[in-house]
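Whatever order the structure lists ligands and atoms in, that order sets their numbers, starting from 1.
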Amino acid sequence: MKKPVRIAPSILASDFSRLNEEVRATADAGADYIHLDVMDGHFVPNISFGASVIKSLRTCTDKIFDVHLMIAPVDPFIEAFADAGAQIITFHAEAGAHTHRTMQAIKAAGCKVGLALNPATPAETVLPLIGELDLILAMTVNPGFGGQSFITSQLDKIAALRAMIDETGRDIDLEVDGGINFETAGKAIDAGADVLVAGTATFTGGRERYAANIERLRNGG
Ligand code: DX5
Ligand code: ZN
């Protein structure tokens, strides 16, 4: 079941010297989720921020914190992100051998669980686990950096994931992440996505543009 399109601004593209204000401004501008990209310099070739920063931002808004872990290993850090106020914790299928164990640990910590797939990882990877997932994240760039170009070949995968989700009849978000802008948002929505992560496209043009940017993305660009 495809739900209304929701926008999840990635604060990776915001002004890090003013994170508190940026999160508030994004929330006020109509964000549905706040997307928090955690990078460890090991699973991906970049380092961003961790649980303590997320915890300090928790006081800024009661919007859903959608935490995207680009880290390996995952399991030792789940408690810390749950304690920091994450409502959804998404980790990568490529991050370790015991995906199902990690899913169980995230649920036991009281969070919704998402599974992310890199561009080279087939859609079918989710099939054995789909009955227990709350969110599937299709990467449309190689994770690690904001501001990259949307990989168009992923549209077929998004459509395949949409069909798999609909087959279950379960309430599972289909989120796309990377290179979403006013040209690609509509393609991702048409392929079946119902949550769009948008870093660069949200924060372009200064704070007075955030609301218009979010609304335009929601409408497919
Ligand atoms: C990439 C991150 C994305 C990134 C998106 O590794 O997972 O969430 O911030 O940035 P844009 O929207 O600029 O491609
Ligand atoms: Zn992300």
Inset, instruction - Take Ile214 and Thr202 through the side-chain contact (heavy atoms from CB on, under 4.5 Å) test and state the conclusion after the steps. - result: CA-CA 6 Å; Ile214 288 171; Thr202 298; 4.1 Å; yes
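- Considering CD of Gln154 and CG of Asn118, their distance stands at 9.5 Å, rounded to 0.5 Å.
- Neighbours of the Zn ion (ligand 2) restricted to protein N, O or S atoms under 2.8 Å: the count is 4.
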Side-chain donor-acceptor pairs of residues 183-196 under 3.5 Å, sequence neighbours excluded:
residue, atom, partner, partner atom, Å
Thr184, OG1, Gly179, O, 2.8
Thr184, OG1, Asn181, N, 2.8
Thr184, OG1, Asn181, OD1, 3.1
Asp194, OD1, Leu174, N, 2.8
Asp194, OD2, Lys3, N, 3.3
Asp194, OD2, Arg162, NH2, 3.3

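- Atom CD of Glu175 is separated from atom CG of Leu115 by 12.0 Å, given to the nearest 0.5 angstrom.
- Checked for salt-bridge contact, Arg24 and Glu21 miss the test: no charged N lies under 4.0 Å from a carboxylate O.
- In terms of hydrophobic clustering, with Ile, Leu, Val, Met, Phe, Trp and Tyr side chains grouped at heavy-atom distances under 4.5 Å, Ile88 and Ile172 are assigned to different clusters.
- The ring-ring contact (aromatic ring centres under 6.0 Å, His included) check on Phe77 picks up nothing, with sequence neighbours excluded.
- Contact shell of ligand 1 (protein heavy atoms, cutoff 4.0 Å): Ser10, Leu12, His35, Asp37, Met39, His68, Met70, Met139, Pro143, Gly144, Phe145, Gly146, Gly147, Asp177, Gly178, Gly179, Val197, Ala198, Gly199, Thr200.
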Inset, instruction - For side-chain contact (heavy atoms from CB on, under 4.5 Å), just list the numbers for Met164 and Glu124, CA-CA rounded to whole Å, side-chain angles, deciding distance to a tenth of an Å, and then say yes or no. - result: CA-CA 9 Å; Met164 291 173 196; Glu124 290 71 22; 3.9 Å; yes
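- Checked against the 6.0 Å centroid threshold, Tyr210 and Phe203 count as a close aromatic pair.
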